[in-house]
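Take a look at the structure below.
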Amino acid sequence: MPAPLRLRLDGDALVQNWRTLDRMSGRAACGAAVKANGYGLGAIEVARRLADAGCRDFFVSNWQEAAELAPLGLTVSVLHGVRDEDMAAALAGFARPVLNTAGQVGRWKAEGGGPCDVMVDTGMNRLGVSTDDIAAGLLDGLELETLMSHLACADEESPMNEVQRNRFAALAGRTSARRLSLANSAGIGLGTDYAFDLTRPGLALYGGIPRSDLVDAIRAVAAIEAQVLQCRRVGAGQTVGYNATWTAKTDTEVAIVNLGYADGYFRGFSNAGTARAGDTALPVIGRVSMDLVAIDVSRAPSVHEGMWLALDFVFPEAAAVSGVSQYELLTSLGARFKRSWI
Ligand SMILES: *Cc1c(COP(=O)(O)O)cnc(C)c1O
């Protein structure tokens, strides 16, 4: 079937972003979080490109995601660890678990599981064993590759960053871990004090800008293109779309494109988003529908039925305009896009 929608993905920008983050990580290695299908862009395509560029450590959430990557033969860590029902997959050896709880550690030891990673909580109170557990010897006997923790506020100037960093640094040498890893994308922006031996960026690989100090360093990766299904003239005083939230001040040329919140182009772009025909910026008018968006194309007379238009999806502006986080925007890009890497 011909694709109804296009997502243009810039493989050079992806690789450049990883190289930039790798450089910013100083002496630490730079991995890649490719969970949630590579933040919506396609985990296999992303992982293959980054592996070719030299990335050696990949992170997914669960064993289903790890199994999808298994044919690439990469080193993959599963952030959610091992539930009982994951043990068969985990023991097959195509990825290693990041153990998060005493229960997971016990399960892994009881089955004689091999190499593993461990998450320790240093203040986020999300996943991870406690520093007390570690002091009490919970990790003794594990074949521990990477001890990691996760920053709660790395995208802000928060005193909590240093508190978490210091708690984590205090664990150096207290376990048999070969490597320590703390920083996500925003954490890399905090400086090499936060990099330890391995960094784990996700968002910024895909063009996300979690901290303003990354603005100039990170390139956009994903671009949305939608096709005009109908052009119409809307007379002065008439309205467009659900709930008639936009009224024409003068006669207006309007194009309706095949994109909507079912594709991840959310209601927040209503009367706020921007499309482009060449260099001409064209405002989204009225409510975004489930599958359709109206665009004022009065300034672009060449726009016609069947033409493809680009929709602005550049971070962090798109997040500000839509009121939805960059993470949600990326991971919501739907299955109706044909993802084309250029
Ligand atoms: C998702 C995730 C990352 C990547 O975070 P970004 O903010 O997308 O860079 C790193 N580490 C862990 C534990 C994660 O869950």
Side-chain angles (χ1 to χ4, degrees), residues 14 17-18 20-22 24-25 28-41 43 46-47 50 55-63 65-66 69 75-82 95-101 104 116-129 145-156 158 160-161 164-165 168 177 179-191 194-215 217-219 221-222 315-316 319 324-333:
L14 174 80
N17 289 342
W18 179 77
T20 297
L21 294 160
D22 185 35
M24 292 177 72
S25 299
C30 183
V34 297
K35 63 199 186 192
N37 194 29
Y39 287 46
L41 304 189
V46 166
L50 295 183
C55 181
R56 290 292 168 266
D57 299 273
F58 295 86
F59 299 88
V60 297
S61 286
N62 57 57
W63 291 91
E65 293 176 349
L69 289 180
T75 300
V76 175
S77 294
V78 179
L79 291 165
H80 292 186
V82 272
R96 59 176 190 250
V98 181
L99 305 174
N100 291 294
T101 69
Q104 291 188 357
C116 62
D117 301 330
V118 166
M119 173 71 71
V120 56
D121 183 63
T122 51
M124 188 172 185
N125 284 307
R126 196 174 66 170
L127 290 178
V129 302
E145 290 287 329
T146 305
L147 180 68
M148 62 183 81
S149 191
H150 196 56
L151 296 164
C153 306
D155 56 352
E156 299 178 284
S158 164
M160 193 153 159
N161 291 326
Q164 285 197 272
R165 195 210 92 87
F168 190 58
R179 297 192 295 181
L180 300 181
S181 172
L182 179 64
N184 61 348
S185 302
I188 293 171
L190 291 174
Y194 288 76
F196 292 89
D197 303 310
L198 170 67
T199 57
R200 310 185 306 267
L203 184 73
L205 293 172
Y206 310 109
I209 315 276
R211 292 178 59 87
S212 55
D213 36 25
L214 290 172
V215 168
I218 296 299
R219 288 172 53 188
V221 175
F315 299 124
V324 171
S325 77
Q326 299 176 56
Y327 294 90
E328 292 164 279
L329 286 175
L330 276 170
T331 57
S332 299
L333 290 167

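Both counts, for ligands and for their atoms, begin at 1 and track the order of listing.
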#### Entry: Interatomic distance, Ser25 atom OG to Trp18 atom CH2 [nearest 0.5 angstrom]
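Ser25 OG to Trp18 CH2: 9.0 Å, rounded to 0.5 Å.
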#### Entry: Inter-residue atom distance Leu50.CG - Asp57.CG, 0.5 Å rounding
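Reported value, rounded in 0.5 Å steps: 12.0 Å.
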Which residue owns the protein heavy atom closest to [atom], what's the atom, and how far is it?
atom                    : value
atom 5 (O) of ligand 1  : Asn184 CB, 3.4 Å
atom 8 (O) of ligand 1  : Tyr39 OH, 2.5 Å
atom 10 (C) of ligand 1 : Arg200 O, 3.3 Å
atom 15 (O) of ligand 1 : Lys35 NZ, 2.7 Å
atom 9 (O) of ligand 1  : Ser185 OG, 2.5 Å

### Task
Check side-chain contact (heavy atoms from CB on, under 4.5 Å) between Met24 and all other residues, then give those that pass, not counting sequence neighbours.
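Scan of Met24 (side-chain contact (heavy atoms from CB on, under 4.5 Å), adjacent residues dropped) gives Thr20, Ile188, Leu214.
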Atoms of ligand 1, numbered as shown, that sit under 4.0 Å from any heavy atom of [X]:
X      : result
Leu79  : 13 (C), 14 (C), 15 (O)
Arg126 : 15 (O)
Gly202 : 4 (C), 6 (P), 8 (O), 9 (O)
Ala33  : 4 (C)

### Message
If we count only N and O atoms by modelled type, under 3.5 Å, do the side chains of Arg56 and Thr75 hold a donor and an acceptor together?
### Response
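There is no such pair between these side chains.
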### Query
Quick one: do the Ser325 and Glu328 side chains pair a donor with an acceptor below 3.5 Å?
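Side-chain D/A pair, Ser325 to Glu328: present.
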### Query
Looking at ligand 1, does any of its N/O atoms fall within less than 3.5 Å of an N/O of Leu203?
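Right, the criterion is met.
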### Query
Any nitrogen or oxygen of Met119, main chain or side chain, under 3.5 Å from a nitrogen or oxygen of ligand 1?
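In this structure, Met119 places no N or O atom under 3.5 Å from an N or O of ligand 1.
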### Message
With ring-ring contact (aromatic ring centres under 6.0 Å, His included) as the criterion, how do Phe168 and Tyr194 come out once you've worked through the C-alpha distance, each side chain's angles and the decisive distance to 0.1 Å?
### Response
CA-CA 10 Å; Phe168 190 58; Tyr194 288 76; over 10 Å; no
### Residue of the set Leu205, Thr331, Val221 for which side-chain contact (heavy atoms from CB on, under 4.5 Å) holds with Leu41
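Exactly one option meets the side-chain contact (heavy atoms from CB on, under 4.5 Å) with Leu41, and it is Val221.
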### Message
Test of understanding: given a 4.0 Å heavy-atom threshold, classify the contact between Tyr327 and ligand 1 as side chain, backbone, both, or neither.
### Response
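For Tyr327, only side-chain atoms sit under 4.0 Å from ligand 1.
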### Query
How does His150 reach ligand 1, by side chain, by backbone, by both or by neither, if only non-hydrogen atoms under 4.0 Å count?
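Only the side chain of His150 comes within reach of ligand 1.
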### Message
Tell me whether ligand 1 is touched by Pro201 - counting only heavy atoms on the residue side and a distance under 4.0 Å.
### Response
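A heavy atom of Pro201 does come that close to ligand 1.
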### Message
Checking Leu151 against Met124 for the side-chain contact (heavy atoms from CB on, under 4.5 Å) test, could you report, in this order, the C-alpha distance in whole Å, the side-chain angles of both residues, the deciding distance, and whether it holds?
### Response
CA-CA 7 Å; Leu151 296 164; Met124 188 172 185; over 6 Å; no
### Task
Test salt bridge (Lys or Arg N to Asp or Glu O under 4.0 Å) on Asp117 and Arg96 and set out the steps.
CA-CA 7 Å; Asp117 301 330; Arg96 59 176 190 250; 2.7 Å; yes
